[in-house]
Amino acid sequence: MNMGRWWLMSNVFKSEIAPKGMNFNINDFMISDKYATILTIISYPKMIGPGFLASVTNLPGIKVVVKHIPINFSEMSKMINKEIVDLKQRYQKENDRTLQERYRQDYESLESFIQMLAATQSKIFDFQMHIMITADSKEELENKKIQIRNYLDAMGMRGIPMMFEQEKVLKSMLPIFPKQDIEDRVGIPIPSPTIAAMYPFVFDSIKDPGSATLLGVDFSGGVVLFNQFLYQIKKEFNRNNANIIILGTSGSGKSTAAKLLLRTHIRNNCKIIAIDPEGELEDMTRNYGGDFIDLGKGGQYGLINPLEVIFDADEEELKEGLGHSVLTRTLQSLKAFMKYYYPSIEDDVLQMFSEICQETYKRFNIDFNTDFSSFTSTDYPTFDDVYSTIKGKLLSMPEATREKDVMERLELRVRPFTNELRFYFNGHTTLQMKSNFIVFNIRELMNSDENIRNALFFNVLKYAWGLCLDKSINTVMYVDEAHVLLSSRNELGAEFLAQVQRRSRKYNTGTIIITQQPTDFAAANVFVHGKAIFDNASYYLVMGLRKQAVEDLARLIDLNDNEKESIKTYSQGEALFVCGNRRMRINVVLTQDELDSFGSGGGL
């Protein structure tokens with residue numbers, strides 16, 4: 001290439017990348033048609049974890065520049081010793097006990113810092129960090145600046161725009177300019193191990209001890225070993241239960257990820273109680289010798305009595321005289337069941353139903369003081385008995401009163417359970433389980449009337465929870481298509497699932513809740529319970545979701561803008577994994593043997 005042509009191309013390139021013009025103000029500046037400001041970080045938190053700056057560098061619309069300049073150890077030591085002497089003098093002269101304690105903590109911290117430097121021979125660097133924010137308008141710039149500063153405050157950092165120094169700071173950030181005098185005034189001394197940990201590409205993968213699942217690989221290629229029951233052997237921040245929520249559209253890979261977790265739990269001899277509405281676990285259940293119970297057919301295939309009491313009370317509650325809560329929760333779940341079948345049921349009819357159930361229980365010597373620990377399925381009333389109580393009440397009400405009107409409406413609501421729906425809801429529980437891997441399926445009713453499907457789903461959920469109360473064994477409760485329980489906006493049903501999330505740890509139970517519609521959890525009338533369901537999970541595996549689902553999910557868990565945009569573009573098997581206090585993008589990876597063990601129902 002001749003020199004003339006090279007000169008021409010070089011100048012064309014420079015004209016393309018160079019700004020059209022710049023104008024510096026007190027706290028901000030314009031670069032071409034963009035408004036910009038630079039925040040200089042002047043303080044950092046006392047404790048810094050691996051990859052500390054990763055969340056900052058992921059914020060959209062900003063550029064982060066970090067410089068670290070070596071400092072002579074002897075000079076640094078002299079400066080710190082002088083500061084320690086000064087702090088000790090202030091401590092001795094100060095009369096305010098609060099300030100005195102602060103001075104003491106500061107000089108002790110500096111002393112331990114000097115000891116650490118001497119012991120490790122770590123180098124000290126003058127650490128300088130700047131964040132450049134750009135926007136299309138002055139108003140947008142101010143709003144973004146407030147958001148970024150608030151975000152920094154939450155991380156324990158403080159950033160300010162250097163007044164009258166924006167041009168010098170910008171030149172300091174660019175390698176084409178010589179050293180600026182402002183660099184002697186903005187840095188903070190930090191040892192090399194801390195600096196190394198701060199950088200965003202320093203990544204702490206998940207390698208849990210104990211019986212862990214090889215869930216996949218992170219973006220750096222490191223393996224993700226995940227122990228859902230880690231809290232039982234090790235304390236880790238925000239990992240205080242074994243509840244995980246898996247989210248994703250159809251075909252995103254959520255069923256495969258869930259089966260991968262189940263496979264580990266089966267090999268670790270955990271008890272598995274699964275609600276599998278679509279029958280995706282059928283092959284896997286057969287392969288591992290489990291019980292696949294098809295409740296969607298009802299009758300001889302299996303029936304669960306909605307009036308059977310779930311003995312959900314531990315020793316502490318019984319000692320505190322809270323045994324009455326067992327029947328109270330049963331009555332609440334019966335009302336929820338009725339609301340699923342009749343979403344528009346009137347409040348007075350629902351209250352009457354609760355009173356009739358209590359009277360029916362009394363005829364079977366069951367009240368709020370009953371000890372249910374020795375009861376069997378045949379000891380409980382059925383809907384035939386409830387209907388008999390209603391008919392008896394109506395016969396004793398010859399006069400037309402408001403109470404009789406309510407009772408007659410209730411009779412109409414209960415009658416179907418004793419006739420056309422008796423094979424699903426009327427009779428004693430007939431299930432016989434032979435293994436610790438139990439899967440309930442209602443596939444036959446998934447395309448039937450929504451109210452029948454939802455009532456059966458909830459009835460199965462309540463019974464399944466009753467099988468998760470054995471503290472002597474780790475149990476996993478698996479609920480697929482969980483949004484069905486909230487899609488009808490049933491507050492009582494949402495509250496029941498929230499209680500399962502809250503109480504699971506008491507019984508050494510972990511939950512795997514799977515949904516493709518976080519929108520149903522964020523609906524106005526169930527939001528409190530939907531939020532509680534998410535708040536009581538230590539783990540989230542978020543696979544590909546559509547735009548509105550992502551926005552609704554952001555109301556339930558913390559997601560930054562970059563994460564929200566990424567979730568919308570995830571391919572099959574890609575996920576955001578929130579593991580306690582850590583969050584990372586992973587790829588769920590399986591071997592062919594693992595895929596074969598899952599069978600043909602669902603999955604990659």
Side-chain angles (χ1 to χ4, degrees), residues 211-216 226 228 244-304 430-448 453 456-457 460-461 463-464 467-468 473-484 510-516 541 543-544 572-573 575 587-604:
S211 305
T213 302
L214 179 54
L215 190 57
F226 169 56
Q228 192 173 342
I244 182 171
I245 299 177
I246 303 176
L247 306 104
T249 57
S250 180
S252 62
K254 62 183 185 299
S255 294
T256 301
K259 290 175 183 177
L260 189 58
L261 292 173
L262 281 186
R263 188 174 188 267
T264 299
H265 294 315
I266 292 168
R267 296 173 73 179
N268 292 330
N269 296 315
C270 294
K271 185 178 183 181
I272 311 292
I273 307 296
I275 301 175
D276 176 32
E278 299 286 0
E280 292 186 358
L281 292 177
E282 183 172 4
D283 288 349
M284 187 176 179
T285 310
R286 310 283 188 217
N287 290 342
Y288 285 101
D291 294 294
F292 188 80
I293 300 170
D294 194 349
L295 293 169
K297 295 178 180 177
Q300 62 179 328
Y301 293 96
L303 182 147
I304 295 172
T430 59
L431 306 184
Q432 299 291 328
M433 281 80 75
K434 301 175 183 176
S435 74
N436 271 347
F437 183 15
I438 303 163
V439 178
F440 298 107
N441 167 248
I442 59 172
R443 180 173 46 201
E444 301 293 331
L445 287 181
M446 284 305 286
N447 295 319
S448 67
R453 178 199 69 191
L456 184 57
F457 196 133
V460 174
L461 174 69
Y463 184 80
L467 300 177
C468 298
I473 185 173
N474 281 352
T475 303
V476 175
M477 184 173 181
Y478 173 107
V479 184
D480 199 359
E481 305 287 349
H483 54 274
V484 170
T511 62
I512 300 176
I513 293 179
I514 309 167
T515 181
Q516 56 181 304
L541 190 68
M543 309 190 91
Q572 189 181 56
N587 284 308
V588 177
V589 178
L590 299 93
T591 64
Q592 190 58 49
D593 285 344
E594 288 170 331
L595 279 172
D596 291 343
S597 71
F598 299 160
S600 59
L604 299 174

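Put simply, the side chain of Asp291 gets close to the backbone of Lys434: a donor and an acceptor are under 3.5 Å apart. With Asn441 contributing its side chain and Asp276 its backbone, the two residues share a donor-acceptor pair below 3.5 Å. Judged by distance alone, the side chain of Lys259 and the main-chain N or O of Ser597 form no donor-acceptor pair under 3.5 Å. Using modelled atom types, one side-chain atom of Thr430 and one backbone atom of Leu303 make a donor-acceptor pair closer than 3.5 Å. The backbone N or O of Glu594 lies less than 3.5 Å from a partner atom in the side chain of Thr591, making a donor-acceptor pair. Ser435 places a side-chain N or O within 3.5 Å of a backbone atom of Phe437 that can act as its donor or acceptor partner.
Across every non-hydrogen atom of Arg263 and Tyr288, the tightest pair is NE-OH, 3.1 Å. The nearest pair of heavy atoms linking Ile473 to Cys270 is CD1-C, 4.4 Å. When every heavy atom of Phe457 is checked against every heavy atom of Pro277, the shortest pair comes out as CE1-CG, 3.4 Å. For the residue pair Gly296 and Leu456, the shortest heavy atom distance occurs at CA-CD2, 4.4 Å. Smallest separation of non-hydrogen atoms from Cys468 and Met477: SG-CB, 3.9 Å. Nearest heavy atoms, Lys254 versus Thr249: NZ-O, 3.4 Å.
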*asked:* Let's go through Tyr463 and Ile273 carefully: what are the C-alpha distance in whole Å and the side-chain angles of both, what is the deciding distance for side chain to side chain contact (heavy atoms under 4.5 Å, CB included) to 0.1 Å, and is it a yes or a no?
replied: CA-CA 10 Å; Tyr463 184 80; Ile273 307 296; over 6 Å; no

*Verify side chain to side chain contact (heavy atoms under 4.5 Å, CB included) between Val439 and Met284, making sure each step is shown before the conclusion.*
CA-CA 10 Å; Val439 178; Met284 187 176 179; over 6 Å; no

*Please lay out, stage by stage, how Met543 and Val588 fare under the test side chain to side chain contact (heavy atoms under 4.5 Å, CB included).*
CA-CA 10 Å; Met543 309 190 91; Val588 177; 4.0 Å; yes

*Would Lys271 and His265 satisfy side chain to side chain contact (heavy atoms under 4.5 Å, CB included), going step by step from the backbone distance to the final call?*
CA-CA 8 Å; Lys271 185 178 183 181; His265 294 315; over 6 Å; no

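Heavy atoms from other residues, nucleotides or ligands lying under 6.0 Å from CZ of Arg286 number more than 12.
Atom CG in Leu215 sits 10.5 Å away from atom CG in Asn587 (nearest 0.5 Å). Put simply, CG on Asn269 and CG on Asn474 are 10.5 Å apart, with the number rounded to the nearest 0.5 Å. In this structure, CG on Leu590 lies 5.0 Å from CG on Leu260, to the nearest 0.5 angstrom. In this structure, Ile438 CD1 and Leu467 CG are separated by 5.5 Å, a value rounded to the nearest 0.5 Å. Going from atom OH of Tyr478 over to atom CD1 of Ile272 covers 10.5 Å, rounded to the nearest 0.5 Å. Considering CZ of Phe226 and OG1 of Thr264, their distance stands at 10.0 Å, rounded to 0.5 Å.
Each of Leu431, Leu461, Leu281 was evaluated against Phe440; a single residue qualifies, Leu431, per the side chain to side chain contact (heavy atoms under 4.5 Å, CB included) test.
Between Ile512 and Gln228 there is a side-chain heavy-atom pair separated by less than 4.5 Å. Annotation: side chain of Phe598 is not in contact with side chain of Glu280 (no heavy-atom distance under 4.5 Å).
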